[in-house]
Amino acid sequence: MNTIGNGSILVTGAAGQLGAVGRTVTGLLLNRGLPVRAMVRREDDRAAALRAAGAEVVVGDLLEPAEVYRVVSGCRRVYFGMSVSPGYLEATVTMAAVAREVGVDVLVNMSQMTVSQMSTQNTTPSPQQRQHWLSEQALAWSGLPVVTIRPTVFLEGFFLPLTGPSVRGRGRIELPFGHGKTNPVAAADVARVVAAVLAEPEPHLGRIYELTGPRSQDMHGIAGEYSDALNREVTYSDIAPDDWERELKKAGLPEHLIRHLMTMADLNRAGRYDRLADGVARVTGRPAMSVREFVSLHAEEFAARRPSNKTVNASM
Ligand SMILES: NC(=O)c1ccc[n+]([C@@H]2O[C@H](COP(=O)([O-])OP(=O)(O)OC[C@H]3O[C@@H](n4cnc5c(N)ncnc54)[C@H](OP(=O)(O)O)[C@@H]3O)[C@@H](O)[C@H]2O)c1
């Protein structure tokens with residue numbers, strides 16, 4: 001196994017769900033023969049799988065400075081990302097304070113593409129987007145060698161859990177996205193970008209990478225890609241935001257996440273997710289995955305079943 005100066009590459013939020021960024025980044029770095037310290041919140045099957053894959057697994061809480069210090073110590077390259085949650089800004093600033101003290105060669109920060117549209121005069125009501133915007137500012141003030149990753153909405157973390165049940169049950173994508181265009185990106189592609197930067201940080205230091213899929217289109221266009229991939233008709237139904245919010249509440253999603261999702265829906269309706277960026281191809285040399293390719297890869301999870309609308313497990 002190669003060594004990276006002194007120590008391993010730290011990947012936070014490494015447990016994740018299948019397809020989550022930290023978990024995929026860990027696998028990609030290990031495949032390159034690089035040493036990875038995978039940070040998880042608790043010992044469980046996911047931690048065991050990371051260990052079995054060859055990662056050094058460390059348990060810690062990103063909101064506990066002493067634990068972050070212990071986890072970062074000995075690593076010169078860090079990927080920082082965690083679940084959408086109220087403590088995100090605190091965790092980022094804690095990581096920045098520790099990284100300054102320990103000294104790192106690169107901190108790859110997961111952010112969101114909406115930050116590109118934000119300023120002091122123009123924020124959004126999403127508590128998560130505001131925290132990403134502030135986190136980016138704090139990291140800029142820190143003077144750390146940062147690389148910023150700004151993806152648009154994920155296929156794995158959003159479209160799979162939030163359209164899967166209605167596509168399986170009724171052959172419909174049901175979202176309050178109006179006629180706005182959107183261009184989701186696969187978290188697998190986002191992870192490829194992060195892994196490429198961590199493997200060779202130097203040319204990327206100080207850069208901001210905006211990441212989207214290959215085509216911006218309205219939800220009827222997205223439904224058409226689902227239909228092509230699944231070889232059956234999938235249509236788009238523009239539902240009322242209030243109905244969607246009720247569904248999200250019924251599914252037990254946390255308030256912070258619901259407020260974020262409702263803002264995303266508003267921004268989608270306003271055309272603010274009509275985006276096209278070439279970060280995936282620029283960093284990895286391979287184009288981003290299309291919706292059709294993604295749905296084909298996950299065809300079983302979208303396969304028609306008896307009607308059900310229960311499983312909502314967005315990680316965002
Ligand atoms: N989903 C999207 O559409 C989208 C789009 C653009 C950007 N993003 C950004 O992507 C990031 C989320 O990426 P993801 O989906 O790969 O992550 P994720 O799977 O939702 O979360 C990664 C891990 O963070 C861990 N975690 C949460 N709180 C923690 C804490 N206090 N200490 C230590 N670990 C903690 C969780 O551990 P447990 O599993 O044990 O709880 C989880 O496994 C966020 O920054 C989000 O804003 C998401």
Side-chain angles (χ1 to χ4, degrees), residues 10-28 38-47 49-50 57-68 70-72 79-92 94-95 98 108-116 124 126-136 139 148-163 175 182-191 193-195 209-213 253-254 256-257 260-261 263-265 267-268 273 275 277 279 294 313-316:
L10 174 64
V11 176
T12 69
Q17 303 180 17
L18 267 182
V21 176
R23 184 171 166 143
T24 311
V25 167
T26 301
L28 291 170
M39 182 186 183
V40 299
R41 241 206 296 213
R42 56 182 162 267
E43 282 291 351
D44 58 14
D45 291 353
R46 300 171 306 169
L50 290 164
V57 176
V58 290
V59 178
D61 185 341
L62 286 163
L63 290 165
E64 286 299 330
E67 295 185 19
V68 178
R70 169 177 53 78
V71 165
V72 175
Y79 164 70
F80 175 74
M82 66 183 243
S83 335
V84 167
S85 49
Y88 212 101
L89 176 60
E90 185 180 339
T92 310
T94 301
M95 174 58 78
V98 169
V108 181
N109 177 45
M110 177 55 59
S111 186
Q112 292 198 359
M113 198 160 166
T114 302
V115 172
S116 302
T124 77
S126 156
Q128 185 67 24
Q129 287 167 347
R130 287 189 180 202
Q131 293 200 31
H132 276 302
W133 175 65
L134 287 168
S135 293
E136 284 198 22
L139 288 174
T148 307
I149 310 294
R150 288 184 185 162
T152 188
V153 56
F154 289 171
L155 286 162
E156 287 88 340
F158 183 94
F159 278 85
L160 187 53
L162 292 174
T163 69
L175 288 173
T182 190
N183 188 0
V185 67
D189 284 329
V190 176
V193 170
V194 171
Y209 291 113
E210 297 182 334
L211 310 178
T212 70
L253 298 193
H256 177 90
L257 180 53
H260 174 58
L261 292 170
T263 302
M264 284 180 68
L267 294 176
N268 263 283
Y273 274 74
R275 305 157 162 168
F294 177 81
N313 189 15
S315 66
M316 295 313 302

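Just so you know, ligand 1 is whichever comes first in the structure, and atom 1 is the first atom listed for that ligand.
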Non-hydrogen atoms of Pro151 versus ligand 1: any pair closer than 4.0 Å?
yes
Is the shortest side-chain heavy-atom distance between Tyr88 and Thr92 below 4.5 Å?
yes
Ala91 near ligand 1, heavy-atom distance under 4.0 Å?
no
Pairing donors with acceptors under 3.5 angstrom, does anything connect the side chains of Glu210 and Ser116?
yes
Atoms of ligand 1, numbered as shown, that sit under 4.0 Å from any heavy atom of Tyr88:
44 (C), 45 (O)
If you count the atoms of ligand 1 from 1 in the order shown, which ones are under 4.0 Å from a heavy atom of Val84?
46 (C), 47 (O)
Less than 4.5 Å apart, any side-chain heavy atom of Thr12 and any of Met95?
yes
Tyr209: which residues meet the ring-ring contact (aromatic ring centres under 6.0 Å, His included) condition with it, sequence neighbours left out?
His204
Side chains of Met113 and Leu211: closer than 4.5 Å at any heavy-atom pair?
no
Hey, which atoms in ligand 1 end up nearer than 4.0 Å to a heavy atom of Val21?
16 (O)
Could you list the atoms of ligand 1 found under 4.0 angstrom from a heavy atom of Asp61?
30 (C), 31 (N), 32 (N)
Between Asn183, Thr212, Thr114, Thr182, which is the residue that forms a side chain to side chain donor-acceptor pair (under 3.5 Å) with Arg275?
Thr114
Which of the ligand 1 atoms, numbered from 1, are nearer than 4.0 Å to a heavy atom of Ala20:
16 (O), 19 (O)
Would you check whether Ser111 reaches within less than 4.0 Å of ligand 1, judged by its heavy atoms?
yes
Per-atom contacts, ligand 1 versus Met110 - under 4.0 Å to a heavy atom:
9 (C), 10 (O), 11 (C), 45 (O)
Donor-acceptor side-chain pairing of Ser126 and Thr263 below 3.5 angstrom:
no
Given Gly16, Ser83, Ala14, Ala191, identify the one with the heavy atom nearest to atom 43 (O) of ligand 1.
Gly16
Could you tell me whether the side chain of Phe80 reaches within less than 4.5 Å of the side chain of Val72, counting heavy atoms only?
no
Any Thr152 heavy atom less than 4.0 Å from ligand 1
yes
Nearest candidate to atom 44 (C) of ligand 1, where distance is taken over non-hydrogen atoms, out of Gln129, Met82, Gln131:
Met82
Closer than 4.0 Å to some heavy atom of Gly60 - which atoms of ligand 1 meet that?
32 (N), 33 (C)
Is there any N or O on Val153 that sits under 3.5 Å from an N or O of ligand 1?
no
Out of Ile149, Leu155, Thr152, which one pairs with Val190 under the side chain to side chain contact (heavy atoms under 4.5 Å, CB included) rule?
Ile149
Counting heavy atoms under 4.0 Å, the part of Met113 that contacts ligand 1 is neither
Any side-chain donor-acceptor pair under 3.5 Å between Gln128 and His132?
yes
Taking only residues two or more places apart in sequence, or in another chain, which ones meet Arg130 in a side-chain contact (heavy atoms from CB on, under 4.5 Å)?
Met118, Thr123
Ligand 1 to Gly13, heavy atom cutoff 4.0 Å, flagged ligand atoms 22 (C), 23 (C), 24 (O)
Looking at Arg150, His132, Glu156, the heavy atom closest to atom 47 (O) of ligand 1 belongs to His132
